[in-house]
Protein chains: 2
Amino acid sequence: MDEVFRALADASRRALLDRLHARNGQTLGELCDGLAMTRQAVTKHLGILETANLVTTLRHGREKLHYLNPVPIHQIGERWIKKFERGKLTALSELKRQLEKRDE
Amino acid sequence: MDEVFRALADASRRALLDRLHARNGQTLGELCDGLAMTRQAVTKHLGILETANLVTTLRHGREKLHYLNPVPIHQIGERWIKKFERGKLTALSELKRQLEKRDE
DNA sequence: ATAATAGGCAACCAAATGGTTGCATGTCAA
DNA sequence: TTGACATGCAACCATTTGGTTGCCTATTAT
């Protein structure tokens, strides 16, 4: 879980996930196109996404195909974000009331 | 949005959010209790959470009260995670089919 | 066979990160 | 008013991070 959060912390990596979301199964070369980064930098980012299990790869001849794995993202939503949903409505409006309570 | 992802990347900071979720409105001192970290380290983490708008603070005399703001977390769920929900089911099972398609 | 293509590996670098220590300031209580 | 308590500020440090360059390997096409 920590590795997923870590992997998502970088905007370039989130952009790579976006690209794969738009078109799944792209090669390294395709994923590099138009990015202001060397191929090796992209390789590293994809490696981080891979160890976080957000991307799965498959060698196909000399090409490496990259596939988005949405499961960890979904899990963050289920196991983590939903925890904080409750109390969302009461949050900031309730804040002042709690403060005033403290003054008594 | 980037600042939120960045802030959530660190486990200590997520733990601080958990603590505030369990009991809102804690002071810096309270949030330090039991952590294997100096007060100053915690201060920095809270600062990062604050600039990401995940925590709101209020001075109350010599104390600084910390309140969880769940809104950015909710937004990540809405604006980001939901994008990747679609295609979740077709993901890995679909993967091989796409591959075989490529071979033709 | 050989050249072009797709990707891998490793060393290196600057900047950001997570943490520390030491000292200063503001506020409350005796 | 003086000491204790809660927090702030700044310098410093080691490690991680995001990126580079240079070279090597494997596969495909001519």
Interatomic distance where [atom1] belongs to [X] and [atom2] belongs to [N] [whole Å]:
X        : N       : atom1 : atom2 : answer
Phe5(B)  : dT17(C) : CZ    : C1'   : 19 Å
Lys64(B) : dT7(D)  : NZ    : C1'   : 8 Å
Arg59(B) : dT25(C) : CZ    : C1'   : 10 Å
Leu58(A) : dT27(D) : CG    : P     : 15 Å
His60(A) : dT28(D) : NE2   : P     : 9 Å
Glu30(B) : dC5(D)  : CD    : P     : 16 Å
Gln26(B) : dT7(D)  : CD    : C1'   : 16 Å

- Message: Here's a test for you: under side-chain contact (heavy atoms from CB on, under 4.5 Å), which of Arg39(B), His66(B), His45(B), Arg23(B) qualifies with Leu31(B)?
- Response: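 It is His66(B); the other options fail the test.
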
Distances under 3.5 Å between nitrogen or oxygen atoms of protein and nucleotides 21-24 of chain C:
| from | atom 1 | to | atom 2 | distance (Å) |
| --- | --- | --- | --- | --- |
| dG22(C) | O6 | Gln40(B) | NE2 | 3.2 |

- Message: With hydrogens left out and only the distance checked, is there a donor-acceptor pair under 3.5 Å joining Arg62(A)'s side chain and the base of dT5(C)?
- Response: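 Yes, the side chain and the base share a sub-3.5 Å donor-acceptor pair.
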
- Message: Using the ring centroid of each side chain, check whether Phe84(A) and His74(B) are separated by less than 6.0 Å.
- Response: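 For Phe84(A) and His74(B), the ring centres are not under 6.0 Å apart.
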
- Query: Hey, what do you get for OG (Ser12(B)) to NZ (Lys44(B)), rounding to the nearest 0.5 Å?
  - Reply: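 With rounding to 0.5 Å, OG (Ser12(B)) is 13.0 Å from NZ (Lys44(B)).
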
- Nearest-0.5 Å distance that lies between atom CD1 in Ile81(B) and atom CD in Gln75(A):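 Taking CD1 in Ile81(B) and CD in Gln75(A), the distance rounds to 11.0 Å.
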
- Task: For the pair Asp18(A) and Lys83(B), evaluate side-chain contact (heavy atoms from CB on, under 4.5 Å) and give the outcome as yes or no after the intermediate values.
- Result: CA-CA 9 Å; Asp18(A) 280 342; Lys83(B) 232 180 31 185; 2.9 Å; yes

- Is there a donor-acceptor contact under 3.5 Å from the side chain of Asn69(B) to the main chain of Asn53(B)?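 Judged by distance alone, yes, a pair lies under 3.5 Å.
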
- Message: Is the shortest side-chain heavy-atom distance between Thr57(A) and Leu65(A) below 4.5 Å?
- Response: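 Thr57(A) vs Leu65(A): side chains apart.
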
- Decide yes or no for Asp10(A) and Phe5(B): does some side-chain heavy atom of the first lie under 4.5 Å from some side-chain heavy atom of the second?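 No - every pair of side-chain heavy atoms lies 4.5 Å or more apart.
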
Interface polar pairs with nucleotides 16-18 of chain D, N/O, under 3.5 angstrom:
| from | atom 1 | to | atom 2 | distance (Å) |
| --- | --- | --- | --- | --- |
| dG18(D) | OP1 | Asp10(A) | OD1 | 3.4 |
| dG18(D) | OP1 | Arg13(A) | NH2 | 3.3 |
| dG18(D) | OP2 | Arg13(A) | NH1 | 3.2 |

- Query: Can you name the residues that form a side chain to side chain donor-acceptor pair (under 3.5 Å) with Arg14(A), not counting sequence neighbours?
  - Reply: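 In terms of side chain to side chain donor-acceptor pair (under 3.5 Å), with neighbours along the sequence ignored, Arg14(A) is linked to Asp2(B).
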
